[in-house]
Amino acid sequence: MKLIELKQVTKTFNDGRKKIEALKQTNFSVEEGEFVAVIGPSGSGKSTFLTIIGGLQTPTEGQVYINEEKFSELEEKKRAKKRFDEIGFILQASNLIPFLTVKDQLRLVNKINRSNFDKNNAKALLDELKINELSDKFPSDLSGGERQRAAIARALYHDPSVILADEPTASLDTDRAFEVVEILGRETKKKKKATIMVTHDERLTDYCDTVYVMKDGVLSKK
Ligand SMILES: Nc1ncnc2c1ncn2[C@@H]1O[C@H](COP(=O)(O)OP(=O)(O)OP(=O)(O)O)[C@@H](O)[C@H]1O
Ligand SMILES: [Mg+2]
């Protein structure tokens, strides 16, 4: 089943008199349980591609389907709701809230979607990511790798169907980077997610099922 599908998607920015084609016409899909890497030079359109899939910006042309539902054309409020339910984001700097403990980062998810804290799920996830003993610590007390694992736990906690990771290993040394990517791959398979990871580091793509290269807004299979 295709959890992500892009049909003839483009993104153009108007920068004064200049038109920037950040994403040229793109057809693309990711299956359940598939771990995709997107590599490519700076400014090639990787983040544009990822944020369009995540509904953080809309395509200029074409449609994005998430879990077989047209996503890009939903009105903003419905799109925000679907984004929250279906998509987990993991960013470079882990985007954890500095004044919340690891456990409270998960509780915040419950606050936002007005659900109850799921103690068992939280414990299982934190165990799996080997950070259970850190659950009462603040982000500033964690190493970079631990912070990224906490960010992965938070992204997975509400069980979205899609995981989008933009340079999730950029702040990590090589060993930690491999560890984080290995975890992302494992969770993708085990929980049948569709995961896209943008990375500069080609070595990290060993764990991925499919590797794409972005160049000047053109996405192609490696
Ligand atoms: N909001 C915007 N307005 C104008 N131009 C933009 C905007 N966002 C991105 N661009 C341009 O679109 C192109 C692609 O940018 P994007 O951020 O997607 O690249 P990237 O591949 O993620 O780069 P990096 O590896 O440095 O993160 C660049 O030329 C960028 O300047
Ligand atoms: Mg980027």
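Predicted, not measured: the structure shown is a model, and the values here were computed from it. Indexing begins at 1, ligand by ligand and atom by atom, following the structure's order.
- Some N or O of Gly43 is nearer than 3.5 Å to an N or O of ligand 1, by distance alone.
- Counted by atom type alone, Gln63 and Ser72 present zero donor-acceptor pairs between their side chains at under 3.5 Å.
- Scanning all protein heavy atoms for the shortest distance to atom 25 (O) of ligand 1 gives Lys46 NZ, 2.7 Å.
- Applying the 4.0 Å criterion to heavy atoms of Pro41 picks out, from ligand 1, the atoms 21 (O).
- The nearest N, O or S atom of Ser47 is closer to the Mg ion (ligand 2) than 2.8 Å.
- Ligand 1 places these atoms under 4.0 Å from at least one heavy atom of His200: 25 (O).
- The hydrophobic cluster containing Leu184 also contains Leu126, counting ILVMFWY residues as joined when their side-chain heavy atoms lie under 4.5 angstrom apart, directly or transitively.
- Ser47 CB, 3.8 Å is the protein heavy atom nearest to atom 17 (O) of ligand 1.
- When only modelled atom types and interatomic distance are considered, Thr199 and Asp201 share no side-chain donor-acceptor pair under 3.5 Å.
- Ion pairing between Lys46 and Asp166 fails under the 4.0 Å rule for side-chain N and carboxylate O.
- Taking the charged nitrogens against the carboxylate oxygens, Glu128 and Lys190 do have a contact shorter than 4.0 Å, which makes a salt bridge.
- By the definition of a contact as any protein heavy atom under 4.0 Å away, atom 30 (C) of ligand 1 is not in contact.
- Under the 4.0 Å criterion applied to side-chain N and carboxylate O atoms, Lys137 and Glu146 are not assigned as salt-bridge partners.
- If you check the side chains of Asn110 and Tyr157, you find a donor sitting under 3.5 Å from an acceptor.
- Look at Glu179 and Lys130 and you find no salt bridge, because none of the NZ, NE, NH1 or NH2 atoms lies under 4.0 Å from a carboxylate O.
- Protein heavy atom in closest approach to atom 26 (O) of ligand 1: Ser42 OG, 2.5 Å.
- The presence of a protein heavy atom under 4.0 Å from atom 10 (N) of ligand 1 is confirmed.
- At under 3.5 Å, not a single nitrogen or oxygen of Phe13, backbone or side chain, sits near a nitrogen or oxygen of ligand 1.
- Protein heavy atom at the shortest distance from atom 18 (O) of ligand 1 is Thr48 OG1, 2.6 Å.
- With respect to atom 12 (O) of ligand 1, the closest heavy atom belonging to the protein is Ala22 CB, 3.4 Å.
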